[in-house]
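Structure, as structure tokens:
All of these numbers come straight from a predicted model, not from anything done at the bench. What's counted below: heavy atoms across the whole structure, side chains too, no hydrogens, waters or symmetry copies.
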Amino acid sequence: MRPEIVRRLAKAERFLKQCHRDDPVEDTESLITNAYYAMYHAATAFVMACGERPPKTHSQMVGAFGLRMRDGDNADREAGRSLRAVHDLRLLADYDDAATIAADRAVDARLKAVAFISHCRALIEGLP
């Protein structure tokens, strides 16, 4: 595996580790942001492992990953949907000062991140 892919996966794991430290009630926004960035770096690693350059914006990365997943199996499509959902939730948490996000949505984002990173690792390991 190329070093830049290894670094991206390691970064994803660091964000995921922080995500597990965040309290869903006290640190809702932080948990969501860390979950998203864990997923973002894992998605970037996958795109790079496919031989592509990562898109320049987060929205483009979410779209590029989703396009690669849409013709896959149910787990692939769910990974694409999960990345989109957590991306959208992160935008709400980061930029909407009036948003009140329930702790269970933050916990769901963390669960999605765990499954997503595992799925990305499996996809990368399965590439030729």
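Residues that satisfy the salt bridge (Lys or Arg N to Asp or Glu O under 4.0 Å) test with Asp22, not counting sequence neighbours, are absent from this structure. A search for salt bridge (Lys or Arg N to Asp or Glu O under 4.0 Å) contacts involving Arg2 returns Glu4, not counting sequence neighbours.
Note on Phe116 and Val114: separate hydrophobic clusters, where clusters join Ile, Leu, Val, Met, Phe, Trp and Tyr whose side-chain heavy atoms are under 4.5 Å apart, directly or indirectly. Hydrophobic clustering places Ile124 together with Met48 (ILVMFWY residues linked when any side-chain heavy atoms are closer than 4.5 Å, directly or through intermediates).
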Should Leu89 and Lys112 be marked as a side-chain contact (heavy atoms from CB on, under 4.5 Å) after you check the CA-CA gap, both sets of side-chain angles, and the distance that decides it? CA-CA 12 Å; Leu89 187 59; Lys112 281 179 171 38; over 6 Å; no
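Within the structure, salt bridge (charged side-chain N to carboxylate O under 4.0 Å, His left out) contacts touching residues 38-50 (residues at least two apart or in different chains) do not occur. For residues 70-80, the set of pairs meeting the salt bridge (charged side-chain N to carboxylate O under 4.0 Å, His left out) definition, not counting sequence neighbours, comprises Glu78-Arg81.
To the nearest 0.5 Å, atoms CD (Glu29) and CG (Asn34) are separated by 11.5 Å. Atom CD1 of Ile32 and atom CG of Asp88 lie 12.0 Å apart (nearest 0.5 Å). Atom-to-atom distance recorded for Met1:CE and Ile5:CD1 is 7.0 Å, nearest 0.5 angstrom. Rounding to the nearest 0.5 Å gives a distance of 6.5 Å between OG1 of Thr33 and CZ of Arg90. Atom CZ of Arg105 is separated from atom OG1 of Thr100 by 11.0 Å, given to the nearest 0.5 angstrom.
When all heavy atoms of Ala106 and Leu31 are compared, the closest pair comes out as O-CD2, 3.0 Å. When all heavy atoms are compared, the tightest approach of Gly80 to Met69 is N-CG, 4.3 Å. Across all non-hydrogen atoms, the minimal contact from Ala113 to Ala35 is CB-O, 3.8 Å. Closest heavy-atom contact between Thr28 and Ala102: CG2-O, 4.3 Å. In this structure, Ala103 and Val25 approach most closely via the heavy-atom pair CB-CG2, 3.9 Å.
Judged purely by atom type and a 3.5 angstrom limit, Thr44 uses its side chain to pair as donor or acceptor with the backbone of Tyr40. With hydrogens and angles disregarded, a donor-acceptor distance shorter than 3.5 Å links the side chain of Asp23 to the backbone of Glu26.
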If you look only at distance, which donor and acceptor atoms sit under 3.5 Å apart when one is on a side chain in residues 6-17 and the other is two or more places apart or in another chain?
from, atom 1, to, atom 2, distance (Å)
Arg8, NH1, His41, ND1, 3.0
Glu13, OE2, Arg121, NE, 3.3

Could you tabulate the donor-acceptor pairs under 3.5 Å formed by side-chain atoms of residues 58-68, not counting sequence neighbours?
from, atom 1, to, atom 2, distance (Å)
His58, ND1, Tyr36, OH, 2.7
Gln60, OE1, Lys56, N, 3.4
Gln60, OE1, Thr57, N, 3.4
Gln60, OE1, Thr57, OG1, 3.4
Arg68, NE, Glu52, OE2, 3.0
Arg68, NH2, Glu52, OE2, 2.8

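The shortest side-chain heavy-atom distance between Cys120 and Met39 does not fall under the 4.5 Å cut-off. In this structure, the side chains of Cys50 and Leu127 come closer than 4.5 Å at one or more pairs of heavy atoms.
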